[in-house]
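These numbers were taken from a predicted model, which means no experiment stands behind them. Worth knowing before you read on, the calculation uses all heavy atoms, side chains too, and leaves out hydrogens, waters and symmetry mates. Note that ligands are numbered from 1 as they come in the structure, with each ligand's atoms numbered from 1 the same way.
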Amino acid sequence: MRHIQADHHIYVFAPKMAAVETIDIPSELVFETIDALDGQITSREDRLTELDFSRVNPATGPIFIEGVKPGDTLIVRIKRIELPETGVIITGPGMGVLGDELSEYATKILPIRDGSVRFNDLELPASPMIGVIGVAPESESYPTGTAHRHGGNMDTKEIGESATLYLPVFQEGGLLALGDVHAVMGDGEVCISGCEISASVTVELDIIKGRQMNWPIVSTDEGIYIIVSLPAIDAALKEATREAVLFLERKQQISREEAAMLASLAVDVKISQLVDPNKTAKAFIPRILAGDSPLGIPMI
Ligand code: CA
């Protein structure tokens, strides 16, 4: 199986990027990733104040996917995320939702054992997920710490093992890169970090030709999440709601008003993260309404 090594990484998703490898589809491959702090934090004495922020959020890649064109949808099936033995979490003054109420910089190294993340004497079940995953954007460049239509730092906990991510493609070859894996994270990511880990991520790639949606979508056994990232969370929540209502209108062949009512009955509008430059909302449509076909996604 092809391995994309972690020393090939980017800090900006740009429309034009030099690819590190060319991959045929369908194919399965492994991305080796470094943690979002670029491995700079290795003990509890390492503080945020000493971080080189130009090295935050490395994303391994990008890879050029043969035959993928603007207007297509890239399918990324997440097969496996291999956990290391430790992760790290950081916070401090000005960091996260309660940053104005924190007075000390704090770092914790979190042991990961037998599928659990240890925090003091608590054991939290690991639920590994990919924080940063995206393709080359249409016209603007985005730092890997910022999410938008191309994906990026969506910090959405459903982007984990056995989920399938659908990304709209804007450039030849797609130019996929990923990193910032977390062993576990709650919705909101309120202190500014999850359990940040370096990890091996096995994915299977495929495409839908000539069709795409407005925003990334992640599909799980339970249903689909439309993932919207904008500078303000209230705008992101409204846009995610709009996308879900438009989806239901088309899928169920009902009026806008009926679709709004159906969304009110069965769609969960939630927050992925509140701490990155663009905030991320997600609208969950249960499988009974989303249907089985990935082609059921709302198209531009
Ligand atoms: Ca992140």
- Message: Please list all pairs meeting ring pair (Phe, Tyr, Trp, His ring centres under 6.0 Å) that have one or both residues in residues 26-85, counting only residues at least two apart or in different chains.
- Response: none
- Item | Note: Glu21-Arg2 ion pair, threshold 4.0 Å (strictly below) | yes
- Pairwise ring pair (Phe, Tyr, Trp, His ring centres under 6.0 Å) hits with a residue in residues 257-285, at least two apart: Tyr225-Phe284
- Message: What I want to find out is whether Asp234 reaches Lys279 closely enough, with some N-O distance under 4.0 Å, to be called a salt bridge.
- Response: no
- Message: Looking at every heavy atom in both Met154 and Gln273, which two are closest together, and how far apart are they?
- Response: O-CG, 3.7 Å
- So how many protein N, O or S atoms does the Ca ion (ligand 1) have within less than 3.0 Å? 4
- For Glu196, which residues count as a side chain to side chain donor-acceptor pair (under 3.5 Å) partner, sequence neighbours excluded? His182
